[in-house]
Amino acid sequence: MASPNINPTVRRRRLGQELRRLRETKGLTAEGVAEQLLVSQSKISRLENGRRSISPRDVRDLCGVYGVEDPRVVESLMQMAKDSRQQGWWHAFGDIPYSVYIGLETDAESLRVYEPQVIPGLLQTPQYVEAVICGALPESTPEERAKRVGVRLRRQDRIATAAVPLRLWAVIDESALRRVVGDRHLMLAQLEHLQELAKLPHVTIQVLPFDAGAHTGLSGHYAILEFPETTDSSVVYIEGVTSDLYLEKTADVQKYTVMYEHLRAKALSAELSMEFIDGIAKKYAE
């Protein structure tokens, strides 16, 4: 059982960043380190990008290669390795394909998301969640669908009940509002839910209408996560069918940040977006 104050995903990222810094300070390449430790270069890369659990022994061996002599530094890094091997709250739901993203979202300070097809997951009603998952995964079992529903609703705690809530900015394409997921009654409830959430001081919702024309989000959904610790680099998350993409290079994050600013400029203002959503909701109520 993981400590509620320890996020293993974030611990792995921080540890990986520190190990990369130590390696680069010594002027070593990942290939050279791999040769010294008789491991693959890909293992060193995975340890540094935080995508793989790291053992205290690995940390000890790397510290030896990097010439880290202060026992307090070595012990601190080894403790981070131990923490990174704990389980986050999401592991209670079993094997979740996007568990890395959940770990990042759980620790993020702000999230900017563009969603062209459906209402963003953190803003969905329970009924909408279930209908989306059933439609997207028609061959899944009831148990698998229930697990995914439970995880998504648990994630929403960052918006609804967290002591330090997630700062969420969502740009939603008009198509997501007009696509009837479930039925018209379900959609009416979903749009009313959006209007209520938009009243929260940490939630901003903008609609990108059809008549906005071509825009920087035509390539599809993406999210930008930022973290409270300055040492934690921002991450761009792009969801795929069989695998996900995480971009952390400064140039990549900056490119998507500029793209998102263009999306904000193309979208309706927050106030006009609520009026727009209200107009669609009234049609569902007819």
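These figures come from a predicted structure and were not determined experimentally. Counting from 1, the numbers follow the sequence of the chain as shown.
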Which value, rounded to the nearest 0.5 Å, describes the distance between [X] atom [atom1] and [Y] atom [atom2]?
{"X": "L47", "Y": "L15", "atom1": "CG", "atom2": "CG", "value": "8.5 Å"}
{"X": "L197", "Y": "I205", "atom1": "CG", "atom2": "CD1", "value": "6.0 Å"}
{"X": "L177", "Y": "L208", "atom1": "CG", "atom2": "CG", "value": "10.5 Å"}
{"X": "E143", "Y": "K147", "atom1": "CD", "atom2": "NZ", "value": "10.0 Å"}
{"X": "L19", "Y": "D58", "atom1": "CG", "atom2": "CG", "value": "9.5 Å"}
{"X": "D157", "Y": "L166", "atom1": "CG", "atom2": "CG", "value": "12.0 Å"}

Side-chain donor-acceptor distances from residues 265-276 under 3.5 Å, at least two apart:
residue: K266; atom: NZ; partner: A212; partner atom: O; Å: 3.0
residue: K266; atom: NZ; partner: A214; partner atom: O; Å: 3.2
residue: S269; atom: OG; partner: L272; partner atom: N; Å: 3.1
residue: S273; atom: OG; partner: V207; partner atom: N; Å: 2.8
residue: S273; atom: OG; partner: L268; partner atom: O; Å: 3.3
residue: S273; atom: OG; partner: S269; partner atom: O; Å: 2.7

Does the side chain of [X] reach to within under 4.5 Å of the side chain of [Y], using non-hydrogen atoms?
{"X": "Y128", "Y": "V118", "result": "yes"}
{"X": "I44", "Y": "L62", "result": "yes"}
{"X": "D70", "Y": "V74", "result": "no"}
{"X": "R152", "Y": "Q124", "result": "yes"}
{"X": "I119", "Y": "V132", "result": "no"}
{"X": "Y114", "Y": "H221", "result": "no"}
{"X": "I172", "Y": "P120", "result": "yes"}
{"X": "L104", "Y": "Y237", "result": "no"}

Look at the side chain of [X] and the backbone N and O of [Y], then say whether any donor-acceptor pair between them is shorter than 3.5 Å.
{"X": "R112", "Y": "E261", "answer": "no"}
{"X": "R155", "Y": "G121", "answer": "no"}
{"X": "T204", "Y": "L168", "answer": "no"}
{"X": "R20", "Y": "E48", "answer": "yes"}
{"X": "R145", "Y": "E130", "answer": "no"}
{"X": "H262", "Y": "H215", "answer": "no"}
{"X": "Y66", "Y": "T25", "answer": "no"}

Between [X] and [Y], does any side-chain N to carboxylate O distance fall below 4.0 Å?
{"X": "R21", "Y": "E18", "result": "yes"}
{"X": "E109", "Y": "R167", "result": "no"}
{"X": "R72", "Y": "E75", "result": "no"}
{"X": "R178", "Y": "E174", "result": "yes"}

So, for [X] and [Y], which heavy atoms are closest and what is the spacing to 0.1 Å?
{"X": "L111", "Y": "A223", "result": "CD1-CB, 3.7 Å"}
{"X": "A163", "Y": "P165", "result": "O-CD, 3.5 Å"}
{"X": "L225", "Y": "Y101", "result": "CD1-CE1, 3.8 Å"}

Is L245 reachable from V236 through a run of hydrophobic residues whose side-chain heavy atoms are each under 4.5 Å from the next?
-> yes
Do the side chains of I280 and F210 join up, straight or via other hydrophobic residues, at under 4.5 Å, putting them in one cluster?
-> no
Residues in salt bridge (Lys or Arg N to Asp or Glu O under 4.0 Å) contact with E139, at least two apart in sequence or another chain | none
Starting from L153, walk the hydrophobic network (Ile, Leu, Val, Met, Phe, Trp, Tyr; side-chain heavy atoms closer than 4.5 Å) and list everyone else you reach, by chain and number.
-> V129, I133, L137, V149
Which pairs would a plain distance check flag for residues 184-194, meaning a side-chain donor or acceptor within less than 3.5 Å of a matching protein atom at least two apart in sequence or in another chain?
residue: R184; atom: NH2; partner: K283; partner atom: O; Å: 2.4
residue: Q190; atom: OE1; partner: T125; partner atom: N; Å: 2.9
residue: Q190; atom: NE2; partner: L123; partner atom: O; Å: 2.9

Verify the ring-centre separation between Y222 and Y256: is it less than 6.0 angstrom?
-> yes
With sequence neighbours excluded, residues passing ring-ring contact (aromatic ring centres under 6.0 Å, His included) with F227 | none
In a table with atom names and distances, give each donor-acceptor pair under 3.5 Å that connects a side chain of residues 28-39 to protein atoms at least two apart or in another chain.
residue: T29; atom: OG1; partner: G32; partner atom: N; Å: 2.9

Of I224, V235, I238, which is the lone residue that meets side chain to side chain contact (heavy atoms under 4.5 Å, CB included) with L247?
-> I238
